[in-house]
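Below is one structure, written out as structure tokens; the observations come after it.
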Protein chains: 2
Amino acid sequence: MPRPRQALLSRERIVETAAALIDADGLDAFSTRRLAAALGVRGPSLYNHFATKDEILDAVADSITGQVDVSFFGEVDWREALRRWGHGFRAALAAHPNIVPHLAQGPGRRPAALAMADAVYGGLVAAGWSPARATHIGALMRYFVTGSALGSFARGFVEDPGLYAEQYPHLSQAHRLAEHQQRVDEGAFALGLEALIDGLSHTYERLVGPLAPLPPEGGTH
Amino acid sequence: MPRPRQALLSRERIVETAAALIDADGLDAFSTRRLAAALGVRGPSLYNHFATKDEILDAVADSITGQVDVSFFGEVDWREALRRWGHGFRAALAAHPNIVPHLAQGPGRRPAALAMADAVYGGLVAAGWSPARATHIGALMRYFVTGSALGSFARGFVEDPGLYAEQYPHLSQAHRLAEHQQRVDEGAFALGLEALIDGLSHTYERLVGPLAPLPPEGGTH
DNA sequence: GTCTATATTTCGATAGAC
DNA sequence: GTCTATCGAAATATAGAC
């Protein structure tokens, strides 16, 4: 079936299918052959659209980053912006945990990741943070979000009561964590994000100046 | 050279060498054959000491976790304990970033990881936190530490001024981040950890009760 | 722009000699 | 407890036909 009239592949289809494969089977099991098979073509066809496997991974990572809304930076109070960004960033990454190790290596040359960094940093500096502190805040937020998306805390404990009973006296209920996986992980993230914003608010008042009380909802207008 | 009088391998030597190889070349490049070569033996010899490659990875991960001191949980104020644990945990993981994705999957059945979870959770509950909140705090701390060790923020930006100049107006200095990698990453982590502890202190006062001012140094005695 | 064919390398793990 | 030999599978990527 050489040279069909209508191209079978497109960068978009390849990226979508690659993301689904990585979600299902993990980064280690992801290969160009398996990706091609899932697309109904042979391996070498992919190289008409991407030069290397790594370019495909970059495209997958950036398509996920591109789903994160950062348009409100500079529009709403920085505390509210961090809150919205944090939740949105985590939601996008937690839907694709297997690619987080790749994505967490930094923006590199990926456009969506650079645009996100630009919006966050610009918004924080505009809010009064020093360049150095704005960098730190962007970094520590990425730490927290990528760490929370990298692996579920609750599912990290095996469901085997006997494992804990003897040697780990405080973990006697740990085997039940998996039942409540989503609630535990989201609750922990929410608690941490609010604590971070609260703590940073005090840092702001010490270094920059008094903060206005947050409006009940929405923008600064 | 069959059956030398003195065993050439030991679990300890294997784990040490495996950690060094993973640090140097990454998880993807780590194979039983390369590990054996680094140890001066042939691949199959490893299977006299470990049943699978994954068992070796688990042993490496747990040896790193075992370097983290948690003996002070229950001995000092919980805020000071979180501070010491956070810095120690990060230092241990940041020295071996390539194995963080494996380690971040949770304690599983690894003894040092379970002992760490046990000490942290027990210490927080003894300090007055509810079981649910103690779980959340253990989780959010792991998120923050693993995220910070997974990838340097500063090194995530390529050293190419031209990349940023046109499209990303706020990132015009981003190419200089790599020069200050350690300072940026450690500063961001320290700022985040202090903000977290500060924010959690207010949560504690709202949910549990007043907190004593922290003693200037050391334990509760 | 997809195909066939293939070069080249590497992998985890087992069997059985010593 | 190490070795040799090997199984069986899978990997990225290229060359060139159509």
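Lettering follows sequence order; numbering is per chain, from 1.
As rounded to whole Å, 15 Å separates atom C1' of dG1(C) from atom CZ of Phe50(A). If you measure from atom NE2 of His49(B) to atom C1' of dG1(D), you get 6 Å, rounded to the nearest angstrom. One interatomic measurement links the two molecules: CZ of Arg42(A) to C1' of dA15(D), which rounds to 17 Å at whole-angstrom precision. Nucleotide dA10(D) holds its C1' atom 15 Å from the CG atom of Asp28(B), rounded to whole Å. Spacing between atom CG of Leu39(B) and atom C1' of dG1(D) amounts to 14 Å, rounded to whole angstrom units.
Residue Arg84(B) forms a side-chain contact (heavy atoms from CB on, under 4.5 Å) with just one option from Val68(B), Val70(B), Val76(B), Asp69(B), and that option is Val76(B).
Other residues, nucleotides and ligands contribute over 12 non-hydrogen atoms within 6.0 Å of the CD atom of Gln181(B). The environment of Glu16(B) atom CD is dense: over 12 non-hydrogen atoms of other residues, nucleotides or ligands sit within 6.0 angstrom.
Remark: Arg33(B) engages no residue in a side-chain hydrogen bond (donor to acceptor under 3.5 Å, both in side chains) (not counting sequence neighbours). Contacts of Arg110(B) classified as side-chain hydrogen bond (donor to acceptor under 3.5 Å, both in side chains), with partners at least two apart in sequence or in another chain: none.
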Task: Base-contact (B) and sugar-phosphate-only (S) positions in nucleotides 9-14 of chain C, heavy-atom cut-off under 4.0 Å, - elsewhere - done: --BBBB
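By the 30° and 60° cut-offs, the orientation of the rings of Tyr164(B) relative to Phe157(B) is tilted.
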